[in-house]
Amino acid sequence: GAGQRNITSFFGKH
Amino acid sequence: MFEARLVQGNLLKKVVDAVKDLVTDANFDCSSSGFTLQAMDNSHVSLVSLSLRSDGFEHFRCDRNMSMGMSLGNLAKILKCAGNDDIVTMKAADDGDTVTFMFESPKEDRVSDFELKLMDIDSEHLGIPDTDYAATVTLPAAEYQRICRDLSSIGDTVVISATKDGVKFSSSGDVGTANITVRQNTTADKKEEQVSIDLKEPVALTFALRYLNSFAKATPLASHVSLSMARDLPVMVDYQISDMGHLRFYLAPKIED
């Protein structure tokens, strides 16, 4: 939905 | 090879039941230190992190690090066939494409084994940074479940705000608005009713209730759950699995328009 962030934008990919 | 014997076999069942609606397929990673899983939901909004330490198993052997891809729906079907008090043993060969689950009744009068086909799953491992959370509230798991359920009938999102007065859960929608505040209560007669709040600084974040509700499926795993929040960061919803590890959920916040 609008305004929902993705978890990947906080936790970097290994 | 990998071999792990869990006397409290129903714990595995509870873990899988807690995550199977959020995550369809996932890799279970085995190493000498334990049995872990990290997976995102399909929309990549939340992250599940399971850790079961090897010393929590009655027997644990893992000769080589391995990743076992499983359909959680199929795994749940198999674990459903275990008796509630059964001892569960998982076994897999290093180069095999199956994992075997053996169920033993406590009286040792019934033994069954189920073989689950493994699958190749392309999964990304995310690095979860150590975070100094501004606020952590630890409340009865059943209370958390009730708050999420009750607020879901009012709105789609919840604002969780932690202040010195307590932790307030607020939601609004077509019906109206709702506010539920939990306050520190470390003197409750029953330990299972205690609420503790560790506040370093006030913080308020908005989350989708759908996910918080889904995390509550882990309620049978622990008496309490901890919610840890920091400004502009995902909330961590942490269920401690006694003597073994934890099941943690992380949910990215919503941004106010």
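Remember, it's a predicted structure, so these values are computed and weren't measured experimentally. Sequence lines set the chain letters: A, B, ... in the order given, protein chains first and strands last, and positions in each chain run from 1.
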Novice: Could you tell me whether the side chain of Arg5(A) reaches within less than 4.5 Å of the side chain of Val45(B), counting heavy atoms only?
Specialist: no
Novice: Quick one: does Gln4(A)'s side chain have a donor or acceptor within less than 3.5 Å of a partner on Ala252(B)'s backbone?
Specialist: yes
Novice: So with a 6.0 Å cut-off around CG of Asp156(B), is the heavy-atom count from everything else above 12?
Specialist: no
Novice: Write down the atom of Gly127(B), the atom of Phe11(A), and the distance for their closest heavy-atom approach.
Specialist: O-CB, 3.3 Å
Novice: Can you say whether Asp232(B) sits under 4.5 Å from chain A via the side chain, the backbone, both, or neither, judging by heavy atoms?
Specialist: backbone
Novice: Which bit of Ser43(B) comes within less than 4.5 Å of chain A, counting heavy atoms only: side chain, backbone, both or neither?
Specialist: backbone
Novice: When rounded to the nearest 0.5 angstrom, what is the spacing between CG in Asn6(A) and CE in Met40(B)?
Specialist: 8.5 Å
Novice: Is Leu47(B) close to Ile7(A) at the side-chain level, that is, under 4.5 Å between some pair of heavy atoms?
Specialist: yes
